[in-house]
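Heads up, the thing below is written out as structure tokens.
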Amino acid sequence: MKTEDAKTLIDEQLECLSNALESGKSETLSTFLSAMARFHRYSLGNVLLIMCQAPEATHVAGFHTWKSLGRFVKSGEKGIAILAPMLLKNRGDAQELDLQSASVTDSQSTTDGRSEDDRNLRFRVVYVFDVTQTDGEPLPEFAKVTGDPGDYAERLKELVKQLSIELQYQEDLNGAMGCSSGGVIKLQSGLDPAQEFQVLAHELAHEILHQGGSRAGSTKTSRELEAEAVAFVVSQAVGLDAGTASADYIQLYNGDKDRLAQSLDSIRKAAGAILEGIAS
């Protein structure tokens, strides 16, 4: 697959997702968010590429990464194409960047409004393989709890503390299970462990995404649903039964593919930050 073909495929998949949501097919969002939960380290575009080529994939890595884990790609297996960013140096050398995040950070601004790194950034197609395409040593087990977040509950609370956010419990929150107000998260007392984890993830998403100013075009409803989508991704990633993503999300974007992409990428980044923060 050529780089331009991969980019076209990403655009087509985003268009299909937008059309499906506009048509009321909320299960499409649930499927996408589930894929995001499995591949939260990857860029939005690469999640779309993996999802359309191998919708049942659960854990992907490159040929050499699998080898370093004591597993080997089976003969004849077809790779899953994703895009890896390459930073072109002035002398013409290319330095491969993190193919999971596909991002460049700490770059210097230039007079035309783009960073020097952005101007030298190129992408090339590389191939990854799902664990089902490999044989060898078993992988370490990752959170297969059902309805119990286990150690992740305390890790999430510790992350909240590390972010200098105060966590409070109250008997009555006027019918709500949780709320956040910029540096303070309040949870209703007496929630069961799974419910408390999901509500805390929801409120932490608000703190990450929505405090200190809101994105242009966002509404109270869209902010609530973005937070719920983040909680869905985080909860699924640690093994909880997260239910279904809110069907109301499908009404928000009215076919506006760019706004949908911006929202989904914000969800991906926030969920990824939380999952990184609670990883062992």
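Values reported hereafter were calculated over all heavy atoms of this structure, with side chains retained and with hydrogens, waters and symmetry mates removed. Note that the structure is predicted; figures quoted are calculated from it, not measured.
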Do [X] and [Y] meet the criterion of a side-chain donor-acceptor pair at a distance under 3.5 Å?
| X | Y | answer |
| --- | --- | --- |
| Y169 | E196 | yes |
| E226 | S263 | yes |
| Q13 | E15 | no |

Taking the side chain as every heavy atom from C-beta outward, state whether [X] and [Y] have any pair of such atoms under 4.5 Å apart.
| X | Y | value |
| --- | --- | --- |
| L264 | L17 | yes |
| R268 | H40 | no |
| D135 | V73 | no |
| F232 | I267 | no |

[X] and [Y] ion-paired at < 4.0 Å:
| X | Y | result |
| --- | --- | --- |
| R41 | E276 | yes |
| K269 | D265 | yes |
| R38 | E56 | no |

Just by modelled atom types, is the [Y] backbone N or O under 3.5 Å from a matching donor or acceptor in the [X] side chain?
| X | Y | answer |
| --- | --- | --- |
| R71 | G136 | yes |
| W66 | V131 | no |
| Q170 | K186 | no |
| S18 | L14 | no |

Contact summary for [X] and [Y], nearest pair of heavy atoms:
| X | Y | result |
| --- | --- | --- |
| A227 | A205 | CA-CB, 3.9 Å |
| Y127 | M1 | OH-N, 2.8 Å |
| S180 | Q211 | OG-NE2, 3.6 Å |
| S266 | L209 | O-CD2, 3.6 Å |
| Q236 | A37 | CB-CB, 4.0 Å |
| L173 | C179 | CD2-SG, 4.3 Å |

Can you name the one residue among [options] that meets side-chain contact (heavy atoms from CB on, under 4.5 Å) with [X]?
| X | options | answer |
| --- | --- | --- |
| I165 | L204, V184, I208 | L204 |
| K157 | I185, L167, I278 | L167 |
| F39 | T58, V47, V128 | V47 |
| K7 | V125, L83, L49 | L83 |

Just how far is it from atom [atom1] of [X] to atom [atom2] of [Y], taken to the nearest 0.5 Å?
| X | Y | atom1 | atom2 | value |
| --- | --- | --- | --- | --- |
| L48 | N46 | CG | CG | 9.0 Å |
| M36 | T31 | CE | OG1 | 12.5 Å |
| Y152 | I274 | OH | CD1 | 14.0 Å |
| E12 | D5 | CD | CG | 9.5 Å |
| Q168 | S181 | CD | OG | 8.0 Å |

**Request:** Mind running side-chain contact (heavy atoms from CB on, under 4.5 Å) on Q133 and I80 for me, showing each step along the way?
**Result:** CA-CA 11 Å; Q133 298 176 284; I80 303 164; 4.1 Å; yes
**From CA spacing to verdict: side-chain contact (heavy atoms from CB on, under 4.5 Å), S30, L33** = CA-CA 5 Å; S30 296; L33 293 179; 5.9 Å; no
**Message:** More than 12 heavy atoms of other residues, nucleotides or ligands under 6.0 Å from NZ of K67: yes or no?
**Reply:**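 Open.
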**Whether over 12 other heavy atoms sit under 6.0 Å from D11 CG** =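 Count over threshold, so yes.
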**Request:** Taking ring pair (Phe, Tyr, Trp, His ring centres under 6.0 Å) as the test, write out the residues that go with H202, two or more places apart.
**Result:**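 For H202 the ring pair (Phe, Tyr, Trp, His ring centres under 6.0 Å) partners, ignoring immediate neighbours, are H206.
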**Prompt:** Is F123 reachable from L9 through a run of hydrophobic residues whose side-chain heavy atoms are each under 4.5 Å from the next?
**Reply:**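 Hydrophobic grouping puts L9 with F123.
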**Message:** If hydrophobic clusters are built from ILVMFWY residues whose side chains come within less than 4.5 Å, do F72 and F129 share one?
**Reply:**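 They do not share one cluster, since no chain of ILVMFWY contacts under 4.5 Å joins F72 to F129.
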**Request:** Apply the test side-chain contact (heavy atoms from CB on, under 4.5 Å) to residues L69 and T134: give CA-CA distance (whole Å), side-chain angles for both, the deciding distance (0.1 Å), then the verdict.
**Result:** CA-CA 11 Å; L69 293 171; T134 68; over 6 Å; no
**Message:** Pair F197, L191 - check side-chain contact (heavy atoms from CB on, under 4.5 Å), show working.
**Reply:** CA-CA 9 Å; F197 182 91; L191 297 176; over 6 Å; no
